[in-house]
Amino acid sequence: MQMNLCLSGLAGCYGKAAYPAVVEEAVARIRTARPDAVTFNETCRNDVALIAGRTGYFLRFSRVIYLGERLRCVQPDGRGLFGHAVLTKAAIENTDSQDFEAQAGIERRRWLCVTTRVDVDVCTAHLNTRTTIEVAGNDAQCAELTALLARRAAARTVIFGGDVNRHPSCAPDGFWTRTDGSAGQAPGLQHVYGSGPLRSPSAEVVSATHSDHDVLLVRVHLTAQR
């Protein structure tokens, strides 16, 4: 399950979030679908910790640098740093997170990957937009993401979910791609990619009342791993 929650308190979409309704909606979506993993963009450390606690998932969070500083979520304050997160049903054994080498605009874009006890990697990222200022960053970050996922897939099964802010896929060769192309909001920008052992992917877009992105839910069958 991939979600972009618009939780910073600064973006124009935050009025629609109607905090804390956006958090309540995320909890409800997870409780209904019970996905094995959830990837989050534009979230806040304390909010996603609350979501994880109320749904019984393991959590890893990665902060994002904004205008040269760690960004604290506002309206209300006290919600922790702004960033991305991964929730998993299986215990997390290892976590990696780095800024992309290519950057454009005022937010430093970043990826986050975890390795779970069942030997599946779950990754997320939020790439630059396709505006005139950021489009070169988006293209370069997409290429970096492709290489990152290919490297990790050489060792383990990999699934990625994120808001890549583009329609063409960043998936490596041998991966499948599913998108929220049928979404009522910002269609086609959220992607899920899976490596070979993840078979027969099917995608469903679940409407979101309190974000400017709908929810992308992908179901797959995990076959015998190498």
Side-chain angles (χ1 to χ4, degrees), residues 1-64 66 70-89 106-107 109-110 112 122-131 160-167 178-192 203-219:
M1 177 177 279
Q2 156 63 22
M3 287 190 272
N4 181 323
L5 296 184
C6 186
L7 275 171
S8 71
L10 298 173
C13 53
Y14 191 62
K16 193 172 189 294
Y19 189 88
V22 58
V23 174
E24 298 293 339
E25 185 173 43
V27 169
R29 293 288 184 254
I30 294 170
R31 284 176 171 170
T32 297
R34 298 303 300 170
D36 291 293
V38 189
T39 50
F40 288 100
N41 303 136
E42 297 192 39
T43 189
C44 305
R45 185 190 295 272
N46 294 354
D47 291 327
V48 78
L50 176 64
I51 293 169
R54 291 179 60 184
T55 55
Y57 283 67
F58 296 94
L59 164 67
R60 290 295 185 273
F61 176 87
S62 181
R63 91 294 179 272
V64 168
Y66 192 87
R70 296 184 177 190
L71 178 65
R72 295 195 173 276
C73 296
V74 295
Q75 302 187 66
D77 295 334
R79 295 187 292 121
L81 296 174
F82 179 71
H84 313 307
V86 170
L87 269 61
T88 61
K89 278 187 180 179
I106 59 178
E107 178 182 331
R109 304 294 176 151
R110 190 171 177 85
L112 166 66
V122 184
C123 298
T124 192
H126 187 201
L127 306 190
N128 276 133
T129 67
R130 302 290 294 174
T131 61
F160 166 88
D163 180 353
V164 297
N165 273 316
R166 56 189 285 133
H167 293 114
R178 295 294 182 272
T179 79
D180 64 346
S182 63
Q185 307 182 87
L189 303 185
Q190 294 185 108
H191 294 190
V192 171
E204 176 187 356
V205 173
V206 182
S207 64
T209 302
H210 297 290
S211 177
D212 61 338
H213 291 74
D214 291 323
V215 178
L216 176 57
L217 177 63
V218 176
R219 294 178 173 86

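Sequential numbering from 1 along the given sequence is applied to the chain's residues. Just so you know, these numbers come straight off a predicted model, no measurement behind them. Quick note: numbers below take in every heavy atom, side chains included, and nothing from hydrogens, waters or symmetry partners.
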Report task. Please identify each residue that fulfils side-chain contact (heavy atoms from CB on, under 4.5 Å) with Arg219, with sequence neighbours left out. Result -> Ser202, Glu204, Leu217
Query raised in the report: Hey, does Cys123 have a side-chain heavy atom less than 4.5 Å from the side chain of Leu112?
Result: no
Report task. Have a look at Cys6 and tell me which of Val22, Asp212, Thr43 forms a side chain to side chain contact (heavy atoms under 4.5 Å, CB included) with it. Result -> Asp212
Query raised in the report: Is any side-chain heavy atom of Leu87 less than 4.5 Å from a side-chain heavy atom of Phe40?
Result: yes
Query raised in the report: Hey, does the side chain of Arg178 reach the backbone of Val192 with a donor-acceptor pair shorter than 3.5 angstrom?
Result: no
**Report entry** Closest contact, heavy atoms only, Leu127 versus Val164
**Finding:** CB-O, 3.6 Å
Query - Exercise: identify the closest heavy-atom pair between Ala85 and Thr124 - result: O-CG2, 4.0 Å
**Report entry** salt bridge (charged side-chain N to carboxylate O under 4.0 Å, His left out) pairs, two or more places apart, involving residues 3-12
**Finding:** none
Requested in this report: Can you spot which of His213, Gln190, His191, Gln2 makes a side chain to side chain donor-acceptor pair (under 3.5 Å) with Asp180?
Outcome: Gln190
Query raised in the report: Would you call Met3 and Asn41 a side-chain contact if the rule is heavy atoms closer than 4.5 Å?
Result: no
Requested in this report: Sequence neighbours left out, what passes side-chain contact (heavy atoms from CB on, under 4.5 Å) with Arg110? Give chain and number order.
Outcome: Ser62, Arg63, Ser97, Asp99
Report task. Might you point out which heavy atoms bring Glu107 and Tyr66 nearest each other, and give the distance in Å? Result -> CB-CD1, 3.8 Å
Report summary line: Between Pro35 and Met1, the two heavy atoms sitting closest are CG-CB, 3.9 Å
Requested in this report: Evaluate whether atom CZ of Arg34 has more than 12 neighbouring non-hydrogen atoms of other residues, nucleotides or ligands under 6.0 angstrom away.
Outcome: yes
Query raised in the report: Going through the distances and angles, do Asn165 and His126 end up as a side chain to side chain contact (heavy atoms under 4.5 Å, CB included)?
Result: CA-CA 8 Å; Asn165 273 316; His126 187 201; 3.5 Å; yes
Query raised in the report: For the side chain of Asp214 and the backbone of Val205, is there at least one donor-acceptor N/O pair under 3.5 Å apart?
Result: no
Query raised in the report: What is the distance from atom OG1 of Thr55 to atom CG of Leu50, rounded to the nearest 0.5 Å?
Result: 9.0 Å
Report summary line: Output for pair (Thr179 OG1, Leu189 CG), nearest 0.5 Å, gives 9.0 Å
Query - Inter-residue atom distance Leu10.CG - Cys13.SG, 0.5 Å rounding - result: 10.0 Å
Query raised in the report: Side chains of Val38 and Val86: does their closest heavy-atom pair fall under 4.5 Å?
Result: no
Report task. Identify the two heavy atoms, one from Leu216 and one from Ala203, that lie closest to each other, and give their separation to 0.1 Å. Result -> CD1-CB, 4.1 Å
**Report entry** Distance in Å, Gln185 CD paired with Ser207 OG, rounded so as to fall on 0.5 Å steps
**Finding:** 8.5 Å
Report task. Return the set of residues passing ring pair (Phe, Tyr, Trp, His ring centres under 6.0 Å) with Phe160 (not counting sequence neighbours), or none when no residue passes. Result -> Tyr193
Query raised in the report: Could you give all pairs that pass the salt bridge (charged side-chain N to carboxylate O under 4.0 Å, His left out) test and reach residues 9-29, with sequence neighbours left out?
Result: Glu24-Arg54, Glu25-Arg29
Query raised in the report: Is there a donor-acceptor contact under 3.5 Å from the side chain of Asp163 to the main chain of Asn4?
Result: no
Taking distance alone, no hydrogens or angles, what donor-acceptor pairs closer than 3.5 Å link side-chain atoms of residues 71-83 to residues at least two apart or in another chain?
unit_1: Gln75; atom_1: NE2; unit_2: Gly9; atom_2: O; d: 2.7
unit_1: Arg79; atom_1: NE; unit_2: Pro76; atom_2: O; d: 3.1
unit_1: Arg79; atom_1: NH1; unit_2: Leu7; atom_2: O; d: 2.9
unit_1: Arg79; atom_1: NH1; unit_2: Asp47; atom_2: OD2; d: 2.6
unit_1: Arg79; atom_1: NH2; unit_2: Leu7; atom_2: O; d: 2.9
unit_1: Arg79; atom_1: NH2; unit_2: Tyr14; atom_2: OH; d: 3.3
unit_1: Arg79; atom_1: NH2; unit_2: Val74; atom_2: O; d: 2.6

Requested in this report: Answer yes if the side chains of Asp36 and Thr88 hold a donor-acceptor pair under 3.5 Å, and no otherwise.
Outcome: no
